Amino acid sequence: MKSHWVVKFGGSLLSDRVARGKFLKDAAKIAKKEPLVLVHGGGPEINAALDKMGIKSSWVNGRRVTDEAAMLVVEGVLSGQVNKNLVGELNALGAKAVGLSGRDGGLLRAKPIADLGRVGEPEKADPALLKTLLAAGYLPVISSVAEGPGGALNVNADEAAAAVAMALKAGRLVFMTDVAGVLDENKKTIPVIRLKDIARLIETQTIAGGMVPKVQSCAQAIRRGVKEVHIIDGRAGLLKPVGTRILP
Ligand SMILES: Nc1ncnc2c1ncn2[C@@H]1O[C@H](COP(=O)(O)OP(=O)(O)O)[C@@H](O)[C@H]1O
Ligand SMILES: [Mg+2]
């Protein structure tokens with residue numbers, strides 16, 4: 001079987017109509033020829049739903065503090081609304097997309113992070129269900145909700161994608177974001193980042209915010225044997241990648 005791709009894309013890309021259409025078209029095309037797994041977040045959609053319900057969000061180290069009430073909304077939005085709309089659009093493009101969350105088939109187990117409520121970090125991934133679906137030509141689309149003690153946990157979608165890639169022993173892991181890859185202090189794309197450079201880039205705050213879990217997830221995946229890891233400009237599409245490659 002051909003090597004697997006895992007592609008993660010975030011909420012900012014999803015809310016850009018043009019980028020979204022282009023990306024889904026590319027994904028449907030690739031999935032017809034090669035085994036592809038998509039992992040998605042949905043921050044802006046969650047914000048909108050929580051706002052509507054008058055639930056306020058606070059953030060600790062880039063993670064949304066998620067109480068029980070907020071988790072109901074997070075799961076409904078990510079695994080329901082966002083996931084099923086993506087599946088519908090991909091299938092309209094001729095793919096055989098199947099919407100899943102990390103809770104299906106034991107795909108993603110997470111351990112809670114102290115003081116953040118229903119927030120967790122992936123600790124175990126079981127690729128069996130994905131392998132079955134890929135072998136039958138389906139395109140799995142996974143929301144970043146994992147199973148944890150006492151029910152659903154909200155996990156960072158970058159970490160979820162890395163966990164899925166490592167479990168599948170994927171050949172390629174691609175993070176599609178809303179900027180032209182990892183940028184330097186002059187806002188220019190850094191074409192290649194080595195693992196040994198990452199700590200310094202974070203310390204000097206060249207890399208900050210949502211880019212931190214992304215590069216850390218890249219590093220973890222590379223250490224666990226994923227060969228090709230990229231952070232690319234989602235607006236440029238998946239077929240002509242523009243951005244940063246992370247190397248050992
Ligand atoms: N060095 C950097 N290069 C690129 N983006 C960076 C960098 N440091 C911080 N960022 C921020 O990280 C954001 C991407 O992460 P995030 O907002 O979580 O998006 P995603 O939906 O792709 O996960 C960029 O839009 C940018 O604001
Ligand atoms: Mg992010």
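We count ligands from 1, going down the list as the structure has it; atoms in each ligand are counted the same way. Quantities reported herein were computed from a predicted structural model and do not represent experimental measurements.
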Colleague: Throw together a table of side-chain donor-acceptor distances under 3.5 angstrom for residues 39-55, partners on residues two or more places apart or in other chains.
Modeller:
from	atom 1	to	atom 2	distance (Å)
His40	NE2	Asn83	ND2	3.1
Asn47	OD1	Arg64	NH1	2.9
Asn47	OD1	Arg64	NH2	2.9

Colleague: Against Glu159, only a single residue in Lys111, Arg63, Lys8, Lys214 fulfils salt bridge (charged side-chain N to carboxylate O under 4.0 Å, His left out); can you say which?
Modeller: Arg63
Colleague: Could you tell me whether the side chain of Val229 reaches within less than 4.5 Å of the side chain of Val174, counting heavy atoms only?
Modeller: no
Colleague: Determine whether more than 12 heavy atoms belonging to other residues, nucleotides or ligands lie under 6.0 Å from atom NZ of Lys29.
Modeller: no
Colleague: Which residues pass the side-chain contact (heavy atoms from CB on, under 4.5 Å) test with Glu228, sequence neighbours left out?
Modeller: Arg172, His230, Arg245
Colleague: Non-hydrogen atoms closer than 4.0 Å to ligand 1: which protein residues do they belong to? List them by chain and number, please.
Modeller: Lys8, Gly10, Gly11, Ser12, Met176, Thr177, Asp178, Val179, Gly181, Val182, Leu183, Thr206, Ile207, Ala208, Gly210, Met211, Lys214
Colleague: According to ring pair (Phe, Tyr, Trp, His ring centres under 6.0 Å), does anything in residues 14-38 pair up with another residue at least two apart or in another chain? List the pairs.
Modeller: Phe9-Phe23
